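To start, the structure under review is shown below, and the notes come after it.
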2 protein chains.
Amino acid sequence: MTDVARVAGVSHQTVSRVLSGHPNVSAKTRAAVTQVIEQLGYRRNSAARALATRRTHTLGVIAVNTTLHGPASTLAGVQEAARERGYLTSAVTLRTATQTALAEAMHHLAGWGVEGIVAVTPQRDAVRALAALEAPCPVVTVEGGHTLDLPGVSLDQNLGARLITEHLLASGHATVWHVAGPPDWLESEARTQGWEDALREAGAEVPPLLRGDWSPLSGYQAGQQLAGRVRAPRGRGAGLTAVFVANDQMALGVLRALREAGLRTPEDVAVAGFDDIPEAEFFPPPLTTIRQDFASLGRASIGLLLDHIEGRTAESTHLVVAPELIVRASTARRSLPSGE
Amino acid sequence: MTDVARVAGVSHQTVSRVLSGHPNVSAKTRAAVTQVIEQLGYRRNSAARALATRRTHTLGVIAVNTTLHGPASTLAGVQEAARERGYLTSAVTLRTATQTALAEAMHHLAGWGVEGIVAVTPQRDAVRALAALEAPCPVVTVEGGHTLDLPGVSLDQNLGARLITEHLLASGHATVWHVAGPPDWLESEARTQGWEDALREAGAEVPPLLRGDWSPLSGYQAGQQLAGRVRAPRGRGAGLTAVFVANDQMALGVLRALREAGLRTPEDVAVAGFDDIPEAEFFPPPLTTIRQDFASLGRASIGLLLDHIEGRTAESTHLVVAPELIVRASTARRSLPSGE
DNA sequence: TTTTGACTTGTTAGCGCTCACAATTCTACG
DNA sequence: CGTAGAATTGTGAGCGCTAACAAGTCAAAA
């Protein structure tokens with residue numbers, strides 16, 4: 001910077017002013033300095049800047065399971081939004097969101113002086129641990145629910161589940177079964193709740209719940225159980241004609257199990273998923289599901305976080321994004337209620 | 001730091017020495033200082049440190065398409081390895097790897113004083129652009145091929161394709177068709193090459209090439225063409241009994257197209273993929289594929305990069321990792337060659 | 001006891017930047 | 001033409017840390 005100042009024949013402070021876009025610099029000086037900067041290929045040292053301003057302009061991201069479609073897309077949205085607004089992001093990927101792992105991640109980020117943290121931790125325990133941890137900076141959660149007082153953004157999982165369930169009911173099914181995700185995931189619970197609410201409101205019977213762990217394998221196992229129920233039409237499983245699976249990956253497993261049991265989708269059993277992963281359109285058959293705009297979710301979280309950091313009091317500390325129902329072949333309308 | 005020094009009754013320099021693990025500090029002093037640090041919850045300011053040492057301990061990652069399984073896993077590996085070695089990573093996600101986008105990303109990272117960059121850019125043009133760009137720091141590529149003089153790590157795509165092809169030939173197929181990825185992707189070309197080599201070595205006919213763009217949709221379209229060939233057994237398509245698809249997502253599309261055309265997998269046409277995405281095991285039918293250890297790839301790239309940065313002359317500037325063949329139902333052995 | 005050398009600790013000067021303030025120049029009006 | 005007020009530029013200090021050197025301490029050898 002001193003070099004630039006010398007060559008341009010001004011003080012280092014003037015160079016600094018040009019770089020920061022300070023208004024009180026004459027057009028002539030600004031042009032001259034800009035040209036020298038260009039010519040010398042000078043770049044302002046961010047460490048020195050951070051030291052002097054006490055602002056690192058760095059944000060941290062803590063995420064679990066970033067190899068999955070949802071978190072990965074969210075991450076991309078977060079990064080992009082932060083970059084646009086002049087911040088550096090650094091992500092820490094956790095295998096499991098234990099209290100210690102979270103604390104360690106936060107410690108790591110804090111060591112680098114991050115000014116804020118976006119936590120993509122959709123598990124109830126993780127959010128609780130996060131709230132318990134005294135953070136050295138503002139924290140915003142993505143899909144963290146709003147039970148605790150952490151600000152955050154989330155998708156209206158409940159609404160999504162209702163949309164799916166109502167769609168299936170409207171397609172002529174007497175009721176809808178549900179394969180839920182792990183009970184400690186907030187998303188999982190919200191989807192289950194939405195499903196149950198929609199059934200009750202429609203006056204439909206609420207069948208027993210099946211659970212998986214989001215993996216295709218667990219969906220497959222749940223699917224085998226479901227297939228068994230269909231085949232034994234007496235008792236509680238009677239009338240199993242539609243299933244809402246809590247995510248697309250498990251739905252893939254369910255579809256396989258049903259197929260192996262000789263059941264057709266959607267003729268014998270309609271199946272719907274949740275997430276709209278890119279593969280969903282090519283499942284056997286193409287899957288009805290709920291599209292989540294993860295990237296927007298990520299962007300929104302950055303907006304919220306920067307509102308906090310940069311002092312704009314965010315009136316709404318909680319943003320909820322609406323989902324979109326994508327209807328495909330796996331829930332094609334049944335012209336005649338079966339079994340009559 | 002001054003506070004810590006005051007409370008511990010030593011100079012700030014001694015505190016610095018304790019923090020840096022300098023050997024010449026008496027055990028007693030070290031213990032005392034450590035305790036005060038603990039007590040005050042002191043954390044060394046990384047900006048000041050970077051300013052004084054002229055080392056930011058920050059690495060940049062440039063990646064395309066991070067929402068896909070491969071890049072996302074690689075990213076996770078990179079991050080983890082860097083964190084273990086005391087570096088901060090910052091990722092920039094690009095939609096498309098154009099020269100300008102790459103330059104901008106590099107500029108962004110350079111502005112933050114990154115000491116090295118890992119580029120996950122598997123496209124030929126991207127690597128070329130990267131090589132042309134004069135980087136402000138060492139750059140290591142992942143899946144960037146070794147045609148240019150950028151150091152990097154990659155998986156032996158060629159070998160993977162050979163394994164698949166040889167497996168299919170060994171299963172009793174006269175030859176193997178191939179649905180390739182986009183021609184400007186290095187991975188795509190290497191897989192095509194491996195397939196072709198294996199066929200030639202086995203003395204099998206090399207059928208015409210089909211191409212997709214990695215998406216399930218493009219696989220579906222390719223699958224429709226393939227199905228047409230099977231149905232019209234005169235001419236060049238005769239004997240189409242096995243297909244090697246260049247990635248699992250396209251394979252999903254191919255499977256759907258074949259199924260819709262009334263062809264059974266593997267009885268009528270065997271299908272194999274590449275990548276081993278988590279869903280592959282639950283495809284209809286479970287997909288034979290090549291498993292890639294993306295996380296190790298990411299870790300290896302960090303190893304290579306730090307070798308460069310920290311001055312250890314890396315003898316091998318190019319690492320190649322071996323893939324693993326995963327055999328599943330989609331290529332079940334055919335007991336009798338069909339059509340005889 | 002004295003001296004030597006190794007070990008331990010303290011002192012000073014920046015790293016490259018921004019902030020607050022001082023100094024200078026320019027503009028406009030009486 | 002003089003001067004207030006604004007606009008522009010320069011000066012010095014300091015952000016929190018480490019590198020290099022200086023100084024002090026202690027043990028063992030002479």
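Protein chains get the first letters and strands the later ones, always in sequence-line order, with residue 1 at the start of each. Note: hydrogens, waters and symmetry copies are ignored here, and every other heavy atom, side chains too, is used. A quick note: this is a predicted structure, and the numbers were derived from the prediction, not measured.
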| request: Calculate the interatomic distance between Arg30(A) atom CZ and dT9(D) atom C1'; express it in whole Å. | output: 13 Å

| side chain to side chain contact (heavy atoms under 4.5 Å, CB included) with Phe294(A): which of Thr74(A), Val142(A), Val120(A)? | Thr74(A)

| remark: Heavy-atom nearest nucleotide on DNA chain C taken for Ala48(B) and for Val10(B); more 5' hit belongs to Val10(B)

| said: Expressed as a whole number of angstroms, how long is the span from Lys28(B):NZ to dT8(C):C1'? | reply: 12 Å

| With no angle test and no hydrogens, is the base of dC17(C) tied to the side chain of Gln13(A) by a donor-acceptor pair under 3.5 Å? | no

| message | Assuming nearest nucleotide by heavy-atom distance, tell me which of Ala27(B) and Thr53(B) is located more 5' along DNA chain C. | response | Ala27(B)

| query | Within less than 4.0 Å of OP1 or OP2 of dC17(D), is there a side-chain N or O belonging to Arg54(B)? | reply | no

| request: Give a yes/no on whether any side-chain N or O of Asn24(B) is located under 4.0 angstrom from OP1 or OP2 of dT8(C). | output: yes

| Within the structure, does a side-chain N or O atom of Ser16(A) lie under 4.0 Å from either OP1 or OP2 of dT18(C)? | yes

| query | Are Arg17(A) and dT18(C) close enough that a side-chain N or O sits under 4.0 Å from OP1 or OP2? | reply | no

| Phosphate OP1/OP2 of dT11(C) contacted by Ser11(B) side-chain N/O (<4.0 Å) | no

| message | In the structure I gave you, are the side-chain heavy atoms of Leu94(A) and Val92(A) within less than 4.5 Å of one another anywhere? | response | yes

| request: Using atom CZ of Arg49(A) as one end and atom C1' of dC19(C) as the other, report the distance to the nearest whole Å. | output: 13 Å

| request: Report yes if the side chains of Gln292(A) and Val321(A) come closer than 4.5 Å at any heavy-atom pair, otherwise no. | output: no

| remark: note: His12(A), atom NE2; dC19(C), atom C1'; distance rounded to Å ~ 11 Å

| query | Counting just side-chain N and O atoms, does Thr29(A) come under 4.0 Å of either OP1 or OP2 of dT9(D)? | reply | yes

| Met1(B) CE - dG14(D) P separation (whole Å) | 19 Å

| request: Using only side-chain N and O atoms of Ser26(A), determine if any of them is under 4.0 Å from OP1 or OP2 of dT9(D). | output: yes

| task | Have a look at Tyr87(B) and tell me which of Ile302(B), Thr56(B), Ile309(B) forms a side chain to side chain contact (heavy atoms under 4.5 Å, CB included) with it. | result | Ile309(B)

| With a 3.5 Å cut-off and no angle check, do the side chains of Thr98(B) and Thr100(B) form a donor-acceptor pair? | yes

| said: In whole Å, I'd like the distance from the NE2 atom of His22(B) to the P atom of dG10(C). | reply: 14 Å

| task | Report the distance from atom OH of Tyr42(A) to atom P of dG16(C), rounded to the nearest whole Å. | result | 9 Å

| query | Under 4.0 Å: is that the gap between some side-chain N or O of Thr14(A) and OP1 or OP2 of dG10(D)? | reply | yes

| field | Between dC15(D) (P) and Leu51(A) (CG): distance, integer Å | value | 9 Å

